[in-house]
Protein chains: 2
Amino acid sequence: MNTKHFQKRDSSPQFKRTPQRLAILDYLKGNTSHPSADDIYRAVSKKYQSMSFATVYNTLNTLAKSGTLRELTIDPKRKRYDPDTSRHHHLICVLCGKIVDIPEGITVDLPGKLARDFTLLGNHVEFYGHCSLCTRKGKTS
Amino acid sequence: MNTKHFQKRDSSPQFKRTPQRLAILDYLKGNTSHPSADDIYRAVSKKYQSMSFATVYNTLNTLAKSGTLRELTIDPKRKRYDPDTSRHHHLICVLCGKIVDIPEGITVDLPGKLARDFTLLGNHVEFYGHCSLCTRKGKTS
DNA sequence: ATAAATGCAAAGCATTTGCAGTAAA
DNA sequence: TTTACTGCAAATGCTTTGCATTTAT
């Protein structure tokens, strides 16, 4: 994860390198588990006991707005966060909720008419299914 | 929308054709607006004033489980419901939240290794961007 | 010194649930 | 008559917000 968002720029708010933010960034760095805010709160609280939920959410929202972090909507129960902002897709096990990265570039295009009416910013492919662990365990819901 | 879920079958719960459910199904039939539970509640309440939120949610969950309805997670703020259960994708305007169907079949495959470890049930492509109306209005957030 | 972040608790929404009464089968 | 649904209100869970205090710059 880069740290561009901490650099001072004229006429834009300055992002302060607080220990809480650094702890969150550190936890997220290279993390491919697509944690929820609660996961992040629990993990970071261990090392930083005064951490509050408000700070976790404030930080995540700030990072998401600055493009340092991707908010995933693939889990219907809660937002998940992905420090990998490169183009990639996801696969979710509908039994256990585990999310896995699909690193390959999949080229998808909009049909012509829509493409003309719409300024396309990006796309995301969601794959749904059962992971091998859940299948082995015989889970059905 | 079909009505298979109302047919009586041994050893499976029977779905009763209550006026509330029929009103919801009627509202949803052919509806391409991808309404939220609240949208549905407000629309159906007009014609059926005693409708409650609990009934809307119970019905939507029942229909989703029976496969009569698709729950969309594309909107981070709330679930959206789609009576069109055929394979198709969606495009969301990140400014106004409008969701549009992408009727074309887009073929997307999982890389081999993952495909072996995962029982694939389906996939869904989300397109993000700005719709022409928002662009014309000069919206930026 | 100043602007911004923290942490707490309260508030805000979306969604679910328990339960007594009601209606479909 | 039996089983399931409705509607209410309360509860739950995730996320946001107001505000006084603290901290990075």
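So that the names make sense, note that chain A is the first sequence line, chain B the second, and so on, each numbered from 1. These numbers come from the heavy atoms of this one structure, side chains and all, not from hydrogens, waters or symmetry mates. Source: prediction; values computed, not measured.
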Under the salt bridge (charged side-chain N to carboxylate O under 4.0 Å, His left out) test, which residues partner Lys113(B), sequence neighbours left out?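 With sequence neighbours excluded, Lys113(B) shows a salt bridge (charged side-chain N to carboxylate O under 4.0 Å, His left out) to Asp117(B), given in chain and number order.
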Euclidean distance, atom [atom1] of residue [X] to atom [atom2] of [N] [Å, nearest integer]:
| X | N | atom1 | atom2 | result |
| --- | --- | --- | --- | --- |
| Leu22(B) | dA24(C) | CG | P | 10 Å |
| Arg17(A) | dT25(D) | CZ | P | 7 Å |
| Asp38(B) | dT15(C) | CG | P | 9 Å |
| Phe15(B) | dT6(D) | CZ | P | 12 Å |
| Met51(A) | dT22(D) | CE | P | 18 Å |
| Leu63(B) | dT15(C) | CG | P | 15 Å |
| Gln49(A) | dC8(C) | CD | P | 9 Å |
| Leu72(B) | dT15(C) | CG | C1' | 17 Å |

Short side-chain to backbone donor-acceptor contact, Ser45(A) and Tyr41(A), under 3.5 Å: yes
Can any side-chain N or O of Thr18(B) pair as donor or acceptor with the backbone N or O of Arg21(B) at less than 3.5 Å? yes
To the nearest 0.5 Å, how far apart are [atom1] in [X] and [atom2] in [Y]?
| X | Y | atom1 | atom2 | value |
| --- | --- | --- | --- | --- |
| Leu114(A) | Ser132(B) | CG | OG | 10.0 Å |
| Ile102(A) | Leu91(A) | CD1 | CG | 4.5 Å |
| Thr85(B) | Leu69(B) | OG1 | CG | 8.5 Å |

Any side-chain donor near an acceptor of the partner, [X] and [Y], under 3.5 Å:
| X | Y | answer |
| --- | --- | --- |
| Thr62(B) | Thr59(B) | no |
| Ser36(B) | Asp38(B) | no |
| His34(A) | Asp101(A) | yes |

Measuring to OP1 and OP2 of dT6(C), would you say a side-chain N or O of Thr18(A) lies under 4.0 angstrom away? yes
dG7(D) phosphate, OP1 or OP2, under 4.0 Å from Gln20(B) side-chain N/O: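 Indeed, a polar side-chain atom of Gln20(B) lies that close.
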Under the side-chain hydrogen bond (donor to acceptor under 3.5 Å, both in side chains) test, residues paired with Asn58(A) that sit two or more places apart: none
Does anything in residues 53-77 of chain A pair up under salt bridge (charged side-chain N to carboxylate O under 4.0 Å, His left out), and if so which pairs, sequence neighbours excluded?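 Every pair satisfying salt bridge (charged side-chain N to carboxylate O under 4.0 Å, His left out) with a residue in residues 53-77 of chain A: Glu71(A)-Lys79(A), Asp75(A)-Arg78(A), Asp75(A)-Arg80(A).
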For the pair His90(A) and His124(A), name the ring-plane relationship: parallel under 30°, tilted 30 to 60°, perpendicular over 60°.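 Taking His124(A) first and then His90(A), their aromatic rings stand perpendicular (interplane angle over 60°).
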May I ask you to list the residues of residues 52-61 of chain A, by number, that have any heavy atom positioned under 4.0 Å from an atom of DNA chain D? Ala54(A), Tyr57(A), Asn58(A), Asn61(A)
Categorize Ser36(B) for me: base, sugar-phosphate, or nothing, with a 4.0 angstrom heavy-atom threshold over every strand shown. nothing
Side chain of Pro19(B) only, please: which of dG7(C), dA24(D), dA24(C) is the nearest? dA24(C)
Return the nearest nucleotide to the side chain of Lys16(B); candidates are dT3(D), dG7(D), dT6(D). dT3(D)
Taking the axis from the first five pairs and the axis from the last five, what angle separates them in the helix from dA1(C)-dT25(D) to dA25(C)-dT1(D), rounded to 10 degrees?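 Inter-axis angle at the ends, rounded: 40°.
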Near DNA chain C, counting only heavy atoms under 4.0 Å, which residues of residues 74-82 of chain A show up? none
